Enquirer: 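To start, I am sharing the structure in question, which I have written as structure tokens.
Keep in mind the model is a prediction, meaning the values are calculated, not measured.
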Amino acid sequence: MLRIYNTLTGKKEPFEPLVPKTVRMYVCGVTVYDYCHIGHARSALVFDVIRRYLEHSGYCVEFVKNFTDVDDKIIKRANEQGVSCDQITAKFIQAYHDDMGKLGVRPASIEPKATEHMAEIVRLTETLIAKGLAYQVNGDVYFAVPQYSGYGRLSKRRLDDLQAGARVDVDERKRDPMDFALWKSAKPGEPAWPSPWGQGRPGWHIECSAMSMKHLGETFDIHGGGMDLIFPHHENEIAQSCGATGKEFARYWIHNGFVQINKEKMSKSLGNFFTIRDIFEKSEWSEEVTGEILRYFLLSTHYHGPLDFSDQALREAKQALDGFYDLFNRLSEAGQGSPDTDGDLQLAIGFAKRTFNIGMDDDFSTPVALAAFQQLRGEINTLIRKGISTEVMKEAREEFRSLGKVFGLFQLDRWQFNLPMRKNVGGEVGFSSDLEVQKMVDERTAAKKAKDFKRADEIRKFLASQGIIIEDKPDGTSRWKR
RNA sequence: GGCGCCGUACCCAAGUGGUAAGGGAGCAGUCUGCAAAACUGCGAUGCGGCGGUUCGAACCCGCCCGGCGCCUCCA
């Protein structure tokens, strides 16, 4: 039974979708005015894995993730660069898809844009005005927070507290300092759409209410995003949506923790961020391998907690993956088993599968699931020394592939992970032909057999300088990897 | 000031009432011509601190301390 920590209640709760076997989830995407950093990657990956696990558990998942493509920051960026907002958003939507593709994050079922939902946004705003929850001042429309009784339910804030601590300059047009814009009248040169209140554009929060309700219905199962969205964004979404429909909005609210640098939040304003493409560019590993390293790193901590980004953390993730792919390498070789050891391996696989599911059912505990993989790795290594049959070894490799699919891990073939892992420095092809390597490895095997250890060590040293590591097998032959 | 998240071994990190998972590093072994990989053994009488509830608490309650964050755009 899946249990999810729900920000709304502050508790872990059993998950029961509104419609059996179907999950409808909405996740706040990004504002497309710049490249994504590793913090965006975490959020995207976390919800991608949640979606995959729900599917793995037999649910049909309708997954909506939006692009905010009308916003102050976009306008500012467009003005700075002397281009249109459309050019900015098109560029960064493309960049988003590129980056997420490298990370192995699947596109959502629907990826709606705010600019394509103006009719819904206007209609929702009209409804709120009709219900007395919003008011018009000149060409602007504001949500009247004091008129909505449930305000603060998600972020656990009381209106009084908020006003006391408010450090925003108050807009005189607002009736209450907490009121927020549903519709902003257009200033000259800004993108604008027609509305009953004149030319203008939507406020930030209304688009998510409009788009989620359009694509998933007035009440749906899961709404997610980063923890910084709890207030005010999600609080405002609830006010708008529940205010308009009088119904429950999202039932389970999931929020992921931040990626930090030296215990500080990674953010644009602090300037301590690494973009996804920076990391891929700087990586000494191939794109596939770098993507997998990032996934392993990002999933090594529970989604709710903070996660410190560092070179060391990345190195540790790489090292962990090496352990798995080294095992897969061994599993691809021929083996000899006995009913005992083959049976033990089957048991170990079954145990790992159960642990994986127990972990993931407990609020998507990816670290527990990863630990299950690690434990299985150790058990298989032990059994390989005792001897297991080729068939069961293949089966074990397939189990890793199949369970790993939920995390997007362990999908690479031997040649992808173990061979072209290091990028060629300076465009030099270097010593990269498998045949050449194998020839030298064979020569070394012969030298070893002839007890010419000097020559054998020379060859190994040379190959090592080319980034190739040799592992001698008990039978006198050797396997190698890059 | 209000609210939230986090605080577990040298490092990373699970566990949320029944007596501290997992990984890395380190040390000592096995294997090896030497390596590499792999395997075996060793590590918190204690889970930020102090009280309380309980037969029993890292886990529940209260207070406190520390780190981070939200209350202005932010995954």
Side-chain angles (χ1 to χ4, degrees), chain A residues 7 10 12 27-31 33-34 36-47 68 71-73 76 152 154-158 160-169 178 204 224-233 235 255-260 262-270 273 297 300-302 304-308 310 312-313 315-317 319-320 322-323 326-327 329-330 355 359 362-363 365-378 380-386 448 451-454 456-457 460-461 464 469-474 478-481:
Chain A
T7 309
K12 258 187 223 176
V27 171
C28 288
V30 293
T31 302
Y33 73 105
D34 207 345
C36 288
H37 58 58
I38 188 75
H40 299 113
R42 183 184 194 189
S43 187
L45 180 60
V46 159
F47 289 104
T68 297
D71 166 271
D72 290 348
K73 292 187 292 291
K76 189 173 167 230
L154 181 72
S155 56
K156 319 273 188 288
R157 284 156 212 246
R158 296 182 313 147
D160 308 348
D161 300 336
L162 284 166
Q163 286 169 1
R167 47 178 159 126
V168 206
D169 12 318
M178 287 316 300
W204 174 35
M227 282 201 177
D228 45 2
L229 297 182
I230 294 173
F231 189 89
H233 185 54
E235 193 68 61
H255 293 97
N256 66 277
F258 300 124
V259 174
Q260 312 185 135
N262 295 325
K263 311 275 180 198
E264 271 190 329
K265 179 185 175 184
M266 180 184 287
S267 72
K268 291 268 165 66
S269 47
L270 284 168
F273 61 92
F297 160 67
S300 63
T301 298
H302 184 90
H304 208 247
L307 172 58
D308 233 65
S310 66
Q312 188 195 328
R315 258 182 273 121
E316 281 171 13
Q319 202 178 346
D322 281 341
D326 282 352
L327 170 65
N329 218 352
R330 263 170 261 129
T355 307
D362 186 11
D363 196 28
S365 184
T366 53
V368 168
L370 249 24
F373 285 128
Q374 289 282 13
Q375 195 152 25
L376 180 60
R377 182 177 69 92
I380 296 177
N381 274 326
T382 305
L383 287 167
I384 285 178
R385 310 175 99 230
K386 293 185 186 165
K448 273 204 321 172
K451 302 262 185 242
D452 183 0
F453 295 123
K454 193 173 163 246
D457 286 349
R460 185 169 59 199
K461 210 174 158 190
I469 296 161
I470 286 186
E471 292 174 17
D472 291 343
K473 294 195 273 185
S478 309
R479 70 171 76 88
W480 58 275
K481 62 179 183 183

Enquirer: At under 4.0 Å, does any side-chain N or O of A:Q312 touch on OP1 or OP2 of B:rG24?
Expert: no
Enquirer: Give one of base, sugar-phosphate or nothing for A:H255, where a contact means two heavy atoms less than 4.0 Å apart.
Expert: nothing
Enquirer: Which value, in whole Å, describes the distance between the P atoms of nucleotides B:rA58 and B:rU16?
Expert: 13 Å
Enquirer: A:R377 side chain N/O closer than 4.0 Å to the phosphate oxygens (OP1, OP2) of B:rG23?
Expert: no
Enquirer: Heavy atoms under 4.0 Å, any strand shown: does A:F258 hit a base, just sugar-phosphate, or nothing?
Expert: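 Since a base atom lies under 4.0 Å of A:F258, the category is base.
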Enquirer: Indicate, with a heavy-atom threshold strictly under 4.0 Å, whether A:H233 touches base, sugar-phosphate, or nothing.
Expert: nothing
Enquirer: Taking OP1 and OP2 of B:rA75, is either one under 4.0 Å from a side-chain nitrogen or oxygen of A:N256?
Expert: no
Enquirer: Before accepting this row, confirm whether a basic side-chain N of the pair A:K265/A:D228 lies closer than 4.0 Å to the acidic partner's carboxylate O.
Expert: yes
Enquirer: Identify whether any heavy atom of A:V259 sits under 4.0 Å from a base atom; if not, whether one sits that close to sugar-phosphate; answer base, sugar-phosphate or nothing.
Expert: base
Enquirer: Over all strands shown, is A:G225 touching base, sugar-phosphate only, or nothing at heavy-atom distances under 4.0 angstrom?
Expert: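 Sugar-phosphate: the residue A:G225, judged by heavy atoms under 4.0 Å, touches backbone atoms but no base.
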Enquirer: State which of B:rC5, B:rC68, B:rA75 makes the closest approach to the side chain of A:M227.
Expert: B:rC5
Enquirer: Does A:G29 reach a base, just sugar-phosphate, or nothing at all? Heavy atoms under 4.0 Å.
Expert: sugar-phosphate
Enquirer: Which of these nucleotides, B:rC6, B:rA75, B:rC11, is closest to any side-chain atom of A:H40?
Expert: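 Among B:rC6, B:rA75, B:rC11, the one nearest the side chain of A:H40 is B:rA75.
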Enquirer: Could you say whether A:C28 or A:R479 is positioned toward the 5' end of RNA chain B, judged by the nucleotide with the nearest heavy atom to each?
Expert: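 Its nearest nucleotide being more 5', the pick is A:R479.
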Enquirer: Classify A:K265 by what it touches in the nucleic acid, base, sugar-phosphate, or nothing, heavy-atom distance under 4.0 Å.
Expert: base
Enquirer: When we call it a touch if two heavy atoms are under 4.0 Å apart, what does A:I469 touch: a base, just sugar-phosphate, or nothing?
Expert: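 It contacts sugar-phosphate atoms only.
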Enquirer: Please give, in whole Å, the distance from B:rG69 P to A:K156 NZ?
Expert: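 Result: 21 Å.
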Enquirer: Report the C-alpha distance between A:D472 and A:K448 in whole Å, list the side-chain angles of each, state the deciding distance to 0.1 Å, and finish with yes or no for salt bridge (charged side-chain N to carboxylate O under 4.0 Å, His left out).
Expert: CA-CA 10 Å; A:D472 291 343; A:K448 273 204 321 172; 3.3 Å; yes
Enquirer: Within the modelled atom types, does a donor on one side and an acceptor on the other bring the side chain of A:R157 and the base of B:rC70 under 3.5 Å apart?
Expert: yes
Enquirer: Contact class for A:G224 (heavy atom, under 4.0 Å): base, sugar-phosphate, or nothing?
Expert: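 A:G224: no heavy atom of the nucleic acid under 4.0 Å.
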Enquirer: For nucleotides 31-34 of chain B, give me every protein contact, N/O to N/O, under 3.5 Å, one pair per line with atom names.
Expert:
{"residue": "B:rG33", "atom": "N1", "partner": "A:D457", "partner atom": "OD1", "Å": "3.0"}
{"residue": "B:rG33", "atom": "N2", "partner": "A:D457", "partner atom": "OD2", "Å": "2.7"}
{"residue": "B:rC34", "atom": "O2", "partner": "A:R460", "partner atom": "NH2", "Å": "2.3"}
{"residue": "B:rC34", "atom": "N3", "partner": "A:R460", "partner atom": "NH1", "Å": "2.9"}
{"residue": "B:rC34", "atom": "N3", "partner": "A:R460", "partner atom": "NH2", "Å": "3.1"}
{"residue": "B:rC34", "atom": "N4", "partner": "A:D472", "partner atom": "OD2", "Å": "2.7"}

Enquirer: Looking at A:T301, I'd like to know whether one of its side-chain N or O atoms comes within less than 4.0 Å of OP1 or OP2 on B:rA13.
Expert: yes
Enquirer: Should A:H302 be listed as having a side-chain N or O under 4.0 Å from OP1 or OP2 of B:rA14?
Expert: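 Answer is no, no contact under 4.0 Å.
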Enquirer: Write down the distance separating the P atoms in B:rG26 and B:rC11, rounded off to the nearest Å.
Expert: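 It comes out at 15 Å once rounded to the nearest Å.
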Enquirer: State, without any angle test, whether A:R377 and A:Q374 hold a side-chain donor-acceptor pair at a distance under 3.5 Å.
Expert: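 The answer is yes; a qualifying pair exists.
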Enquirer: OP1 or OP2 of B:rG7 sitting under 4.0 Å from any side-chain N/O of A:K263?
Expert: no
Enquirer: Does A:E471 reach a base, just sugar-phosphate, or nothing at all? Heavy atoms under 4.0 Å.
Expert: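 Base: the residue A:E471, judged by heavy atoms under 4.0 Å, touches a nucleobase.
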Enquirer: Calculate the interatomic distance between A:D322 atom CG and B:rA36 atom C1'; express it in whole Å.
Expert: 12 Å
